[in-house]
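In what follows, residues are counted from 1 in the order of the sequence shown. Just so you know, ligand 1 is whichever comes first in the structure, and atom 1 is the first atom listed for that ligand.
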Amino acid sequence: MNETMKTILTRRSIRSFQEKPIPEEDVKQLVDAALHAPSGMGKQTWKFTVVMNREKIQKLAKAIGAALGRDGYDMYQPEVLIIPSNLKESPFGREDNACALENIFLAAHSLGIGSVWINQLQGICDQPEIRAILKEFEIPDDHVVYGMAALGYGDGEPAPKERIGQTAYIR
Ligand SMILES: Cc1cc2nc3c(=O)[nH]c(=O)nc-3n(C[C@H](O)[C@H](O)[C@H](O)COP(=O)(O)O)c2cc1C
C-alpha cells in the first residue's frame, strides 16, 4: 500500500491534545494543503485564518459555548485552529471548504498531527458576540464558516474505526 493510501486509511479524529506547539513550518504546510484542494469552477473564494494562540482559541470556544448553551465548551483545547471561511453567497463555499478541511486533516495526519472537524460555528457566525471575534481574527463580514480544523499532537493512539457504507461495482 502506498503512503497516501496509508495516510487516508489510518486517519482518525483526535479529540484530546497535548500542550505542545506545532512548528510553524508544519502549520504552513497544512495551509498549503488546503490551498491545493479542489474548488467549484476553481473560484477559490475561500480564506484560511490560522489561530496559533491557545487563549484566542479559547476565547472563541467560550463564545461558541455561550451561544449554544454549552457551558465549558473548549473545542478540545487544540494548539492551532484553522478557520476556513468563504463568501456567504458562494454557491460552492460549503463544498470547497469541506475539500480544504479534508486536505488539512490528511496532511496533518501525514505529519503526525491530530485533527478534528469542529462544526459548531455554522449557523451562529452572525451572532454579534461571535462575529466580533471573527472580526478580530480578520475574517470578512461577508464570509461564513462551515467547519474548522482543531489541531494538535494527540494524546494516545485512536483505535481503527469500522467503516460501513454501501458500495456497488457495476460492470
Ligand atoms: C461535517 C462534519 C462535522 C463534524 N463535526 C464534528 C464536531 O463538531 N465535533 C467533533 O468532535 N467531531 C466532528 N466531526 C468528526 C466526526 O465525528 C468523525 O469524522 C466521525 O465520527 C468519524 O470518525 P473519524 O474521523 O475518526 O474517522 C465532524 C465530521 C464531519 C464530516
A.B. asks: Can you find a non-hydrogen atom of Y76 under 4.0 Å from ligand 1?
C.D. replies: yes

A.B. asks: Between K161 and S13 (side chain of the first, backbone of the second, donor and acceptor by atom type, cut-off under 3.5 Å), is there such a pair?
C.D. replies: no

A.B. asks: Suppose I only count heavy atoms of R15 and a 4.0 Å limit; which atoms of ligand 1 are within that range?
C.D. replies: 10 (C), 11 (O), 12 (N), 15 (C), 16 (C), 17 (O), 18 (C)

A.B. asks: Quick one: which of V116, I22, I14 gives a side-chain contact (heavy atoms from CB on, under 4.5 Å) with L151?
C.D. replies: I22

A.B. asks: Taking only heavy atoms of V116 into account, list the atoms of ligand 1 that are under 4.0 Å away from them.
C.D. replies: 10 (C), 11 (O), 12 (N)

A.B. asks: Nearest protein heavy atom to atom 31 (C) of ligand 1, by residue and atom, and its distance?
C.D. replies: W117 CE3, 3.9 Å

A.B. asks: Evaluate the side-chain contact (heavy atoms from CB on, under 4.5 Å) criterion for residues N86 and D96: first the C-alpha distance (whole Å), next the side-chain angles of each, then the deciding distance (0.1 Å), finally the verdict.
C.D. replies: CA-CA 8 Å; N86 213 316; D96 292 354; 3.9 Å; yes

A.B. asks: Just to be sure I read this right, does ligand 1 sit under 4.0 Å from the backbone of R163, its side chain, both, or neither, counting only heavy atoms?
C.D. replies: side chain

A.B. asks: Run the contact test for Q122 against ligand 1 with a 4.0 Å cut-off on heavy atoms, strictly below, and give the result.
C.D. replies: no

A.B. asks: Which ligand 1 atoms, with their elements, are less than 4.0 angstrom from a heavy-atom of S13?
C.D. replies: 15 (C), 18 (C), 19 (O), 24 (P), 25 (O), 26 (O)

A.B. asks: Could you name the option among K161, Q120, R12 that has the heavy atom nearest to atom 22 (C) of ligand 1?
C.D. replies: K161

A.B. asks: Does N119 approach ligand 1 within less than 4.0 angstrom via side chain, backbone, both or neither, non-hydrogen atoms only?
C.D. replies: both

A.B. asks: When you measure from the side chain of K20 to the backbone of E79, do you find a donor-acceptor pair of N or O atoms at a distance under 3.5 Å?
C.D. replies: no

